[in-house]
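Accompanying notes for the structure given below.
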2 protein chains.
Amino acid sequence: MTEPKTPESAATTGPVKKHGRDGKSGATIYDIAKVAGVNPSTVSRALSKPGRVSAKTQKLIEDAAAELHYQVNPFARALPTGRTSTFGLIVADITNPTFFDIIRGAGTTATARDYTLVLADAAESAVTELTTARRMMATVDGLILASPRMDDDDIRALARDKPVVVINREVDGVPCVVPDVNKGISEAVRSLAANGHRKVAYVAGPAQSWMSARRWDGVRSACEWSKLDAVRLESTKPTVDGGRQSARAVVASGASAVLTYNDLLAIGLMQELQAAGVVVPDQISIVGFDDIFGADFTTPPLTTVRSPLGECGSGAATILLDRLAGAGGETAGTLSVETELVLRGSSGRLIVAR
Amino acid sequence: MTEPKTPESAATTGPVKKHGRDGKSGATIYDIAKVAGVNPSTVSRALSKPGRVSAKTQKLIEDAAAELHYQVNPFARALPTGRTSTFGLIVADITNPTFFDIIRGAGTTATARDYTLVLADAAESAVTELTTARRMMATVDGLILASPRMDDDDIRALARDKPVVVINREVDGVPCVVPDVNKGISEAVRSLAANGHRKVAYVAGPAQSWMSARRWDGVRSACEWSKLDAVRLESTKPTVDGGRQSARAVVASGASAVLTYNDLLAIGLMQELQAAGVVVPDQISIVGFDDIFGADFTTPPLTTVRSPLGECGSGAATILLDRLAGAGGETAGTLSVETELVLRGSSGRLIVAR
DNA sequence: ATCCATTTGTCAACCGGTTGCCAATAATTG
DNA sequence: CAATTATTGGCAACCGGTTGACAAATGGAT
């Protein structure tokens with residue numbers, strides 16, 4: 001091998017310092033170009049556009065890159081192209097275990113497709129959420145919003161800028177991933193009816209929650225079908241504490257079976273009822289939603305309508321990544337994932353006290 | 001106001017297109033410069049170096065920036081400076097609820113200080129962990145490793161490159177945040193001793209877990225002090241399932257009280273014992289570690305040695321951010337956070353069967 | 001050997017900020 | 001009022017890749 005081009009000469013006093021390695025870490029395509037004896041742009045092409053350069057030049061460059069432990073500088077790449085190989089996930093509340101599986105699903109899919117996941121928490125505030133989303137938009141290729149609290153219009157505005165996928169809510173014109181509650185709910189209601197229950201209460205979630213409305217719809221229509229009474233009760237907040245506070249209303253309602261907006265409410269409710277001497281499920285059956293982590297820690301373990309949250313996360317990530325890969329001209333349909341009843345101990349035959 | 005400098009003239013046929021707004025979103029400092037009638041570099045200074053420009057120029061520029069809804073392009077800034085306003089958090093296993101609070105703590109601190117958190121999961125693999133860490137290093141200013149599985153040397157190697165903080169493990173030469181188990185453990189053991197227990201079992205975690213070793217040390221020495229027998233049992237994995245599997249060994253050990261490496265093990269153990277007809281805490285007291293989400297869902301609710309995980313997360317983030325802000329010459333000490341006993345229903349007086 | 005159609009590599013102009021150096025201006029002092 | 005010093009703003013060269021335009025080299029067909 002003869003020294004290709006510009007050797008170390010000319011390094012006398014000229015102001016030529018362009019692209020000089022100053023001891024810092026990281027080789028650049030200029031270093032590779034020097035080693036391989038080609039032009040930097042050729043290196044760039046070899047490394048990003050397959051088939052654009054001849055096989056032997058390709059090999060030459062790849063070898064040099066390997067030898068130098070080359071790693072692209074993501075910023076340098078993002079600057080002219082705008083592509084960042086990163087997407088954001090904003091969850092309504094990191095505290096809420098519902099999102100754990102979503103985060104995991106999205107994270108796994110991201111890594112599998114060589115993307116980086118940036119996570120942010122909206123702390124249940126629509127304002128924080130929007131601010132965070134706006135800030136993120138600058139650094140990501142796309143965004144996933146899990147149970148967003150902001151307006152439909154805000155979401156659509158974001159979606160006009162870069163691909164956005166919504167989880168747990170349907171927004172017109174934006175691709176969504178939503179658990180289809182009907183199957184799980186009708187299984188649950190049928191099971192309750194079969195066990196002798198005649199009146200079912202639904203403890204609702206936050207008033208502005210899209211999903212809570214869907215679930216109530218599902219419960220009402222399933223009850224209608226099974227000829228059961230359905231009554232809707234409000235809750236203060238969708239947490240264990242909120243569940244405790246709803247116990248009084250539940251008892252007052254005279255229902256013998258309760259479905260709650262989520263598992264947290266169900267767990268709190270069960271704790272409070274048991275503390276008051278109510279036997280679950282003999283006197284009251286309780287069914288939650290989501291099958292979150294810990295739903296089976298209770299005694300009796302919680303019966304719940306499982307939403308495949310991990311699947312929602314990975315599904316949303318897949319949709320997003322596909323859009324980023326393709327020209328992005330796909331339709332904005334809704335991906336619906338199945339829910340199912342997980343029958344555990346907190347629901348069962350009604351034992352009428354006499 | 002008169003039109004400052006270069007008006008729209010000269011836009012005839014010259015190849016002058018530099019920094020032209022091409023309809024894309026986002027104003028640049030060049031746009032601001034034009035509006036404010038100053039040089040781009042002055043805009044840059046006004047926006048990043050406080051006090052470098054005169055008050056009135058500053059105002060002029062800020063107004064223009066506000067009017068144009070200017071937002072810095074993080075990539076353009078990162079390219080020459082290397083600063084990204086981003087740090088990474090790698091957790092050993094996203095599935096494990098222990099990390100939920102850590103993520104939240106770190107996330108909150110990050111946002112509070114205008115940093116972005118990038119999350120990654122190592123899926124309990126030392127190799128994945130190291131790969132992920134290496135890849136992240138290119139895009140972040142610093143790194144937090146929560147319960148890392150990789151070698152001390154690998155961690156130190158990473159730390160040589162950029163600031164690294166470790167949670168739940170002590171590594172020489174690297175700043176660490178570790179819960180000090182002793183206070184919580186001695187409270188637990190004293191409580192057990194006071195309740196008539198004479199023999200305590202410790203169900204250990206993964207063999208290579210630094211923290212499991214610390215906890216066993218703590219249990220042993222606390223038992224010695226309180227004149228109790230201590231026996232160590234191994235577990236298959238630190239999960240609910242692992243806890244179930246350890247039940248047999250626990251019973252065989254003859255201990256009347258058990259501390260487990262973590263809450264998951266404790267919960268599984270309790271479920272299995274109860275299924276076998278053992279009454280908790282009358283016949284066996286169970287104490288977990290961490291006070292994870294759901295630890296109080298069980299019946300009886302779990303007594304546990306709480307580690308302030310959220311504090312660990314935010315503490316680590318604070319250390320990291322302080323280092324990034326300061327020249328980074330601080331010592332690499334260990335930040336120790338206090339643990340405490342959370343006395344719930346799963347531990348109590350030993351009722352000797354007769 | 002000549003000419004045309006491809007393939008492959010080079011040039012140079014970006015992407016949007018940052019920063020060292022220097023000149024112009026303003027403030028301070030004699 | 002002149003001389004000196006402290007501020008402030010401008011110029012231009014980066015950071016490290018990407019990409020359109022174009023020329024050189026290669027190959028095939030005549």
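Labels below follow one simple rule: chain letters A, B, ... track the order of the sequence lines, proteins then strands, and each chain is numbered from 1.
- By the 6.0 Å contact criterion, CZ on Arg156(B) is enclosed, its count of non-hydrogen atoms from other residues, nucleotides or ligands being greater than 12.
- Atom P of nucleotide dG9(D) and atom NZ of Lys59(B) are separated by 15 Å, given to the nearest angstrom.
- One atom, CD of Gln58(A), and another, P of dT8(C), lie 11 Å apart when rounded to the nearest Å.
- In this structure, the side chain to side chain contact (heavy atoms under 4.5 Å, CB included) partners of Ala133(A), at least two apart in sequence or on a different chain, are Ile90(A), Leu143(A), Met150(A), Leu158(A).
- Between the side chain of Thr28(B) and the base of dC15(C), no donor-acceptor pair under 3.5 Å is found.
- If you take CG of Asn39(B) and C1' of dT7(D), they are 16 Å apart, rounded to a whole angstrom.
- Salt bridge Asp93(A)/Arg104(B): absent, no basic N to carboxylate O contact under 4.0 Å.
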Atom pairs and distances, donor-acceptor, side-chain atoms in residues 66-74 of chain B, under 3.5 Å, two or more places apart:
from, atom 1, to, atom 2, distance (Å)
Asn73(B), OD1, Phe75(B), N, 2.8
Asn73(B), OD1, Ala76(B), N, 3.1

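- Within the structure, every side-chain polar atom (N or O) of Asn73(A) is placed at least 4.0 Å from both OP1 and OP2 of dC15(D).
- Annotation: of the two residues near DNA chain D, Thr42(B) and Pro40(A), the 5′-most nearest-nucleotide partner is Thr42(B).
- Within the 4.0 Å cut-off from OP1 or OP2 of dT18(D), at least one side-chain nitrogen or oxygen of Arg77(A) is found.
- Arg45(B) places its CZ atom 12 Å from the C1' atom of dA12(D), with the value rounded to the nearest Å.
- Residue Ser44(A) places at least one side-chain N or O closer than 4.0 Å to OP1 or OP2 of dT18(D).
- Side-chain atoms of Thr81(A) stay outside donor-acceptor range of the base of dC15(C), with no qualifying N/O pair under 3.5 Å.
- Judged by atom type and distance alone, Arg52(B) reaches the base of dG9(D) through a side-chain donor-acceptor pair under 3.5 Å.
- Of all nucleotides listed (dG10(D), dG17(D), dG16(C)), dG16(C) comes nearest to the side chain of Leu79(A).
- Within the structure, every side-chain polar atom (N or O) of Tyr30(A) is placed at least 4.0 Å from both OP1 and OP2 of dC14(D).
- One can place CG of Leu47(A) at 12 Å from C1' of dT18(D), the figure rounded to the nearest angstrom.
- Between the CD1 atom of Ile32(B) and the C1' atom of dG10(D) there is a distance of 17 Å, given to the nearest Å.
- In this structure, OG1 in Thr86(A) is found 10.0 Å from CE in Met136(A), a value given to the nearest 0.5 Å.
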Is there a side chain to side chain contact (heavy atoms under 4.5 Å, CB included) between Leu60(B) and Lys56(B)? Walk through the geometry before answering. CA-CA 6 Å; Leu60(B) 207 59; Lys56(B) 73 173 196 300; over 6 Å; no
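- Taking the side chain as every heavy atom from C-beta outward, Ser85(A) and Arg77(A) never approach each other to under 4.5 Å.
- The shortest distance between the side-chain N/O atoms of Lys49(A) and the OP1/OP2 oxygens of dT19(D) is below 4.0 Å.
- Under 4.0 angstrom from either OP1 or OP2 of dG9(D) there lies at least one side-chain N or O belonging to Ser54(B).
- Taking atom CG of residue Leu60(A) and atom P of nucleotide dG9(C), one finds them 10 Å apart after rounding to whole Å.
- The CZ atom of Arg113(B) lies 4.5 Å from the CG atom of Asp322(B); values are rounded to the nearest 0.5 Å.
- At its two ends the helix from dA1(C)-dT30(D) to dG30(C)-dC1(D) runs along axes set 40° apart, each axis drawn from five pairs and the angle rounded to 10°.
- Counting distance only, with no hydrogens placed and no angle test, the side-chain atoms of Arg83(B) and the base atoms of dT18(C) include no donor-acceptor pair under 3.5 Å.
- Minimum atom distance to the side chain of Ser48(A) is reached by dT18(D), of the listed dT18(D), dG9(C), dC11(D).
- Protein atom CG of Asp31(A) is 10 Å distant from nucleotide atom C1' of dG16(D), rounded to whole Å.
- Of the side-chain N and O atoms in Ser41(B), none sit less than 4.0 angstrom from OP1 or OP2 of dG17(C).
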